[in-house]
Amino acid sequence: SSSSGSEESSSDASGEYEVYALLPQGTDQPYGTTYLPAMEEEAAKNGINLTITNSQYDADRQASDCRVAVAARPDLIILWPAVGDTVRPCLAAAQAADIPVTVTNSDVNPGDKDLTAGYSGPDTYGQGAASAEIMCELAEGNPTNILMVNGLTGNSTAINRRDGFVETIEAECPNVEILAEQPGNWNKDDSQTVTSEMLTSVGAENVDGIFAADDTMVAGAIDALRAQGIDPQPLLITSIGNTELGNPLVKSGDLDGTIFQSSSWDGQNAVLVASQVLAGETVEEDLFMPSVKVTQENADDPEVAPEW
Amino acid sequence: MNRSTSEPAGPVVIEAESIVKRFGGAVAVNDVSISVRAGEIYGLVGENGAGKSTLMRILAGILRPDEGEVRVEGKALHGGAKAALEAGIALVHQELSLVPEMTGAENIMLGSFPTTAGFIRSADMKKIAADAIEEIGVQIDLDEPIVRLSVALRQFVEIARAVARKPKVLILDEPTATLTPAETDHLLAMLQRLAAKGLSIVYISHRIPEIFSICDRVAVLRDGNLIEMMDIGETTPDDLVDKMVGRDLKLDLQIHRESNPGDVVFSARGIHAPGVDGIDLDVRAGEIVGLGGLVGAGRTEFVRAALGVDPKTAGTVTVTTDGRSTKIATYRAAVRNGVAYIPEERRTDGLALNMSVADNIALPNRARLSTGSVLKPKMIAEFATNLADSVGLRPPDIRRDAGEYSGGNQQKVVIAKWLGREPRVIVLDEPTRGVDVGAKTEIHRLIRDLADRGAAVLVVSSDLPELLDLSDVVHVIRDGRIAGTLSGAEADEKSVMTLAAGGRLVEAS
Amino acid sequence: MTETATPRETPTRQAPSETGPSQRRAALLQWIAERGIFVFTALLIVFAAIFVDGFASTVNITDVFHRAAPIGIVAVGMTFVVISGNYLDLSVVAQVATSAVIFIGVSNLYGIPLAVGLAVLVALLYGAVNGVAVGYFKANAVIVTLATTYVGLGLLRWLSGGSIFFGPPDGPIRAMGQIRIGPLPLSMIVLIVMALVLAFVLNRTTFGFMVRCVGSNKEATRLAGVSTPRVVLGAFVITALAAMIAGFVLAAFSNTAVSTMSSGFEFRALAAIIIGGTSVFGGRGSILRTLLGVVFVSVLTNILVLSNISFGWQQIAIGALIAAAVSVDALARRAAQ
Amino acid sequence: MTTSQTMSLGEATTGFSARLRAALGRRTEWRAIILLVLVVVGALIFAPTVFTAYQVTLGFVALIGLIALGLTAVILMGELDLSVASTLAVSGVVMAMVPNIFLGVTLALLTGLVIGAVNAFFVVKVGINSFIATLGMLFALRGLAFVLSDAEPVPLTDIEAGISFGMPLIGPITPRIVLFVLVFIALHVFVTRVRAGREFYAVGGNRQAAYDAGIPVSRRLFTGFMISGFVAALAGVINTLELIAADPTAGSTALLASFAAAIIGGVALTGGRGSIVGTLLGALSLGILGVGLTLAGVQVDIQQIFIGSVLFIAVITDPASLRAAAGSVVTFLQSRKSQTAV
Ligand SMILES: Nc1ncnc2c1ncn2[C@@H]1O[C@H](COP(=O)(O)OP(=O)(O)OP(=O)(O)O)[C@@H](O)[C@H]1O
Ligand SMILES: Nc1ncnc2c1ncn2[C@@H]1O[C@H](COP(=O)(O)OP(=O)(O)OP(=O)(O)O)[C@@H](O)[C@H]1O
Ligand SMILES: [Mg+2]
Ligand SMILES: [Mg+2]
């Protein structure tokens with residue numbers, strides 16, 4: 001039963017845990033739309049009473065949500081950082097109040113790990129890196145010029161994926177050169193327009209490939225190629241997600257590779273890690289969502305079936 | 001109260017030398033020099049637009065003259081309103097210049113809050129304000145915001161503000177325009193007391209008796225020029241008016257019109273509204289009915305309530321055209337039934353100043369200038385040109401913005417836009433306020449023409465000669481009621497004023 | 001920050017102005033203010049055609065059109081609200097997204113006619129709520145449309161679950177998005193048709209005339225026998241219908257719809273309107289100018305992207321442009337007095 | 001000659017209760033008070049934790065209220081400042097970029113003052129409507145924040161200072177709350193007791209009158225915009241310290257929330273009406289509403305629907321709005337009557 005003994009949760013039936021989940025998105029974003037049901041389902045199974053907040057990627061708002069959560073003295077807090085660099089005070093406050101914090105979806109800075117009790121989720125940096133690995137493989141050491149479409153400017157997932165991609169390219173296949181980059185704001189239409197413009201700016205004939213930070217944007221980028229009469233097939237195109245929009249593109253061969261991200265895995269494991277901590281088990285390792293590379297060969301595998 | 005004896009002349013306190021002020025191309029003040037001595041009351045008269053207010057705003061540092069210089073006790077004045085205030089010049093504006101949400105005390109002390117290290121000493125502030133209203137001898141709740149005070153009280157707050165500054169020169173620009181005779185008497189007595197204490201006062205009024213009642217000297221402005229400066233004993237009211245007008249105006253105005261009124265077209269019964277306390281009134285076809293009374297009597301309120309511009313609490317209005325009577329409940333219904341309304345506030349209510357004359361004329365006539373709600377620009381241009389011609393717009397350029405025209409010409413545009421509808425009833429509120437003599441004559445001609453063509457005309461005017469001259473019948477309004485009705489023949493200035501003031505008249509010389 | 005004697009240098013609202021500086025400078029400023037957007041747009045395009053590689057290509061012109069169309073459609077509609085003297089309609093953000101989500105989401109389930117019908121209803125509802133509150137209740141348009149934005153986006157996210165909706169890859173919506181005539185994508189044709197229709201409505205119909213009159217002087221317009229609240233209501237309804245069409249266009253272009261896809265549209269559309277030279281005080285302005293404002297911003301953004309300038313600098317450029325455009329206008333107006 | 005020295009014009013308000021009624025009648029904060037009461041009662045019923053967790057509630061009020069306080073200074077003068085959220089972001093980034101924390105804070109606050117002065121320059125000297133001038137700044141400053149930060153959060157050099165800043169000083173009182181209260185007191189005193197601040201009401205209520213009375217209108221406008229810029233920068237500093245990093249995307253929810261707080265608090269966008277207390281009450285009601293909804297587990301979408309509805313109701317129940325609407329209804333009914341009557 002409740003370890004911190006708050007007045008509010010004492011009225012709950014025995015065996016129930018009070019848990020706050022501080023998320024930066026909810027049903028206002030496609031990812032959250034499938035993340036949340038999985039999270040809630042798992043919580044019901046484990047006798048966890050969830051209170052979910054959504055800071056809409058506003059770090060101040062999340063800090064405030066965190067204060068609300070700490071004040072409510074739940075048994076545990078699940079944190080999905082809105083902006084990774086800004087969560088330390090929240091973690092410190094929770095620790096001061098003896099509330100364990102587990103982290104989901106995107107991890108805290110290495111220096112803050114000691115304040116958390118566990119992590120599960122995709123490795124956003126690793127996803128960028130994995131997508132870069134596909135790109136490196138496809139480039140086979142040949143000089144390859146690519147365009148890059150980033151997520152929403154300033155957004156932490158966008159930053160991590162870009163860093164993972166760029167740093168891996170620099171380290172493993174310097175033969176791949178990024179000719180131009182622009183934000184596509186996670187939108188298909190924005191991505192299509194900026195991709196088309198970048199093609200014009202660097203000369204479409206000079207472009208050998210494209211990396212887009214998610215499947216929605218890569219779909220826009222592929223449309224931009226088509227609109228310019230360029231066959232996407234010979235180009236090296238990678239992204240991240242394997243969503244319902246991206247998966248058919250992989251099968252058709254337009255998209256050479258993407259990284260599977262399971263939002264339901266993410267939501268479910270956020271609760272699983274939390275319940276392990278609540279049960280007193282120590283979680284040693286970060287529980288990374290496998291950054292499964294999806295290419296034409298495994299695009300039909302059930303374990304990478306697209307979720308959103 | 002006539003100051004027949006000339007006081008010994010004190011030293012010159014303020015002088016303006018060769019002041020020139022232009023607005024765009026027009027010269028508002030043209031090479032005017034005046035000087036005011038300590039302890040005197042200096043009258044300034046002139047027609048609307050003569051440049052009185054402009055000159056005073058220059059003295060008070062609010063406007064910077066294009067040429068010339070203002071000197072206070074020999075020192076040239078530079079640095080705007082603030083410097084002028086510090087030099088001891090206080091101006092009571094023609095238009096109320098108050099902050100609605102601030103209290104009486106704060107308005108009196110506006111711009112000169114007493115402070116210690118930036119903090120307002122509110123006790124001192126109230127004390128000074130209370131002293132000032134005591135000095136001018138009225139009772140005002142100084143903690144009430146100005147919005148909750150009556151118009152007359154607001155006027156006294158303005159005056160108290162000027163007095164509280166302990167000025168050397170007090171300028172009052174038409175302070176009595178909104179006051180009743182009793183209030184006016186009170187103010188004039190107070191000014192004489194202040195002058196006796198050595199204060200210099202510049203006093204502007206259109207009411208000639210007031211000038212003769214308190215002023216030591218009087219200056220006449222006409223079209224921006226200083227026409228004459230006289231000791232009050234050297235002139236008479238008739239002489240003064242002649243100098244203001246510059247010609248024998250009465251000849252122009254006294255055009256007597258043969259009127260033979262037809263059936264009642266416009267009929268108001270039992271109109272009640274804020275400030276209007278049960279007015280019945282008929283206007284016949286071809287008749288000009290005048291509404292006289294003091295400012296604040298409720299004439300504007302009556303007209304607006306009767307036409308449905310503002311809500312009324314009771315009463316009915318009927319318009320009868322071509323034998324068909326229609327009850328008018330809303331303003332839009334009035335307009336549909338052939339009523340035209342020319343409001344008091346021309347610039348704010350009458351015209352879209354940044355639209356062309358053609359557009360302004362087209363607005364109430366849009367239905368006839370379009371087919372199936374598509375406008376016909378050629379027709380609009382033709383229509384507007386004709387109307388502009390018929391009212392004598394100068395220059396007759398219908399593509400110019402209305403705001404680029406002078407006041408008189410703007411008023412012609414307002415009239416023109418309604419002429420196009422051939423109104424059966426036309427209501428004009430202060431049709432020639434702020435309009436120069438030439439335009440005034442033309443507007444009068446237009447009003448008469450309308451009546452001659454069978455329209456029922458209702459005119460509100462505070463300009464007595466105009467009212468008497470135009471009207472076939474004059475109703476005098478007092479306190480929201482008709483205090484009396486005079487036929488064109490029996491109406492004269494004295495009878496109207498007597499009714500308007502409830503039997504009390506401002507003492508005339 | 002010296003105290004100044006003349007009202008010319010103070011922001012007094014009704015203060016009479018002093019005569020301007022030299023007549024020639026005044027005339028030049030006036031000329032620029034009146035025709036500036038035409039000249040600047042032309043200059044920018046000529047500059048880009050000469051100095052920016054690839055700008056003049058057909059493909060790139062199409063991209064400029066893609067940038068211009070959805071914002072442009074919102075902006076030409078919102079021009080009515082601005083001209084009517086009500087600043088802007090913040091809720092276009094919610095309106096565009098709602099329309100797009102309905103267009104794709106409902107089409108997938110019940111077919112296009114029902115989706116369009118529902119979208120029209122929702123647009124009319126937005127127009128009615130905003131227009132009644134601003135027109136009949138005389139409430140401030142900024143606050144009213146801020147409130148409807150909150151409610152509208154909240155409802156959209158709640159009801160749609162925030163999902164990303166996409167039409168079948170070979171569906172009719174996708175086909176619509178692919179239609180083009182020469183270099184002109186369908187979206188641009190819609191924009192041009194909308195601009196022509198709305199320019200006609202604004203300039204040549206009695207309704208448009210009344211919108212301009214209301215913006216110029218509401219009380220004078222009322223006293224001319226016009227029901228001014230009804231005119232304001234009409235302006236908001238037109239804006240809402242335009243936003244609805246922008247939602248269709250946006251959805252058709254990418255064959256996807258999500259509640260976040262129109263973020264920033266309200267201020268971007270307003271920026272285009274202002275850069276075009278429509279007065280925020282109402283009364284003055286034109287659809288053609290708004291169109292040019294949109295083209296100007298789209299060309300500028302396109303040039304910056306072609307030059308691989310980062311997003312931050314793009315924002316700075318747009319902000320500076322707004323400041324420059326309105327400064328010229330303000331200085332010219334003052335010089336003219 | 002006049003006989004009496006003093007004359008009475010209209011009846012003066014007499015009697016204590018009449019005076020009290022008059023005094024209460026002219027307050028502008030009623031809407032906020034009513035809303036606050038409703039929110040408090042609602043919270044007591046549905047989410048009583050709002051009050052046990054009062055330090056959180058206070059913190060949240062301070063979060064959305066701080067910018068609103070600064071904004072009020074500008075709105076009182078009949079102007080707007082849309083650039084506050086971008087100012088918050090830029091000054092936060094400036095602060096985090098400077099290694100020395102005191103220098104950083106100073107520079108950030110200075111940045112806010114400079115931004116306010118630039119806004120005022122456009123409004124006062126160039127003569128641009130503040131709505132538009134600050135719209136331009138909204139874009140440009142956001143861009144500047146991205147350019148300066150390279151579009152990534154900038155971590156604070158002195159993390160410990162940040163952490164300790166976020167800790168309560170006494171009881172539940174964190175430095176943010178202290179600063180919020182200080183700003184509230186300072187601004188309240190400023191606009192009620194200090195001459196320059198009191199004159200803001202004159203500038204907003206009747207600018208021509210203010211000018212004619214010798215009030216330095218330009219200087220007051222500069223002061224107002226600089227207050228707004230400074231307070232927004234202060235909010236940026238506080239956020240950066242509390243979060244130990246500056247986020248160039250920060251403040252996305254701040255602009256609209258702070259406007260809402262001021263408007264609900266009875267501050268008139270046309271200027272001259274309203275009070276700092278009103279804004280505080282507006283922020284309190286919105287803050288309690290927000291925290292209450294969060295604690296009650298209401299998801300953000302529904303919260304937005306709630307807050308939007310509250311704002312909508314607040315703006316159309318303004319007495320002037322109700323009068324206008326009632327007038328329209330009466331006109332409509334009368335026009336029907338006149339059609340049928342004749
Ligand atoms: N701000 C201004 N802009 C342009 N013209 C102006 C301005 N102020 C005054 N004028 C013009 O200057 C002339 C003088 O106006 P002024 O107000 O000084 O007249 P006045 O003698 O005070 O008239 P009244 O008796 O009506 O108050 C008028 O023709 C008027 O139209
Ligand atoms: N119910 C009321 N309470 C307070 N003040 C009132 C009320 N009704 C009218 N007034 C004031 O009395 C004045 C009546 O003025 P109104 O304009 O009707 O007079 P008028 O005879 O038309 O004068 P003018 O010649 O200036 O037009 C208004 O200024 C108004 O402020
Ligand atoms: Mg005057
Ligand atoms: Mg009147």
Side-chain angles (χ1 to χ4, degrees), chain A residues 6-9 20-28 32 36 49-73 81-93 96 109 111-112 150-156 158-160 162-163 183, chain D residues 48-50 52-60 62-64 88-89 96 142 145-146 149-156 159 162-168 172 174 235 238-254 257 287 290-291 294-297 299-301 303-304:
Chain A
S6 96
E7 306 96 330
E8 270 66 48
S9 56
Y20 265 72
L22 311 180
L23 315 181
Q25 55 166 272
T27 55
D28 53 340
L36 278 182
N49 194 7
L50 272 182
T51 303
I52 298 169
T53 69
N54 173 357
S55 62
Q56 297 181 300
Y57 283 98
D58 184 335
D60 308 330
R61 180 74 202 248
Q62 186 166 63
S64 165
D65 288 345
C66 178
R67 252 171 258 127
V68 171
V70 171
R73 305 214 155 268
V83 178
D85 290 312
T86 66
V87 296
R88 189 178 173 94
C90 174
L91 300 176
N109 289 340
D112 301 333
N150 297 317
L152 193 65
T153 307
N155 171 277
S156 54
I159 294 167
N160 286 338
R162 179 189 176 279
D163 288 353
Chain D
T49 13
V50 170
T52 45
Y54 60 94
Q55 74 272 37
V56 177
T57 312
L58 278 182
F60 190 69
L63 177 70
I64 62 171
L88 179 151
R142 181 66 68 189
F146 282 139
S149 68
D150 210 9
E152 290 187 16
V154 187
L156 212 55
I159 288 181
I163 301 268
S164 53
F165 181 87
M167 289 296 153
T174 59
I238 294 174
N239 286 351
T240 305
L241 279 169
E242 281 199 352
L243 299 172
I244 63 163
D247 177 11
T249 67
S252 52
T253 50
V291 174
T294 302
L295 284 173
Q299 68 192 68
V300 158
D301 320 337
Q303 287 192 25
Q304 280 196 335

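Because the structure is a prediction, the values reported are computed rather than measured. Reminder, nothing fancy here: chain letters follow the sequence lines and each chain counts from 1.
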Closest-packed option against chain D by number of heavy-atom pairs under 4.5 Å, given A:V70, A:D65, A:I159, A:I52 =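 Most pairs with chain D among the choices: A:I159.
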_I'd like to know which of A:L152, A:N109, A:T86 tops the heavy-atom pair count under 4.5 Å against chain D._
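Highest number of pairs under 4.5 Å: A:T86.
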Taken in chain and number order and not counting sequence neighbours, the residues that satisfy side chain to side chain contact (heavy atoms under 4.5 Å, CB included) with A:P81 are A:L79, A:V87, A:V103, A:S106, A:V108
In terms of heavy-atom pairs under 4.5 Å with chain A, the winner among D:S149, D:P153, D:A250, D:A145 is D:P153
Residues passing the side chain to side chain donor-acceptor pair (under 3.5 Å) test with A:S55, sequence neighbours excluded, are none
[X], part contacting chain D, at a heavy-atom distance under 4.5 Å:
X	value
A:T51	side chain
A:V68	both
A:D112	neither

One should read off an interatomic distance between D:Q304 CD and A:Q56 CD, to the nearest 0.5 angstrom, of 5.0 Å
- So how far is it from D:D247 CG to A:D58 CG, rounded to the nearest 0.5 Å?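 If I round to the nearest 0.5 Å, the distance is 8.0 Å.
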* Is A:R162 salt-bridged to D:E152, cutoff N-O under 4.0 Å? ->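 No.
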Taking the side chain as everything from C-beta on, heavy atoms only, tell me whether A:T153 gets closer than 4.5 Å to D:F146.
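Yes. Closest side-chain heavy atoms under 4.5 Å.
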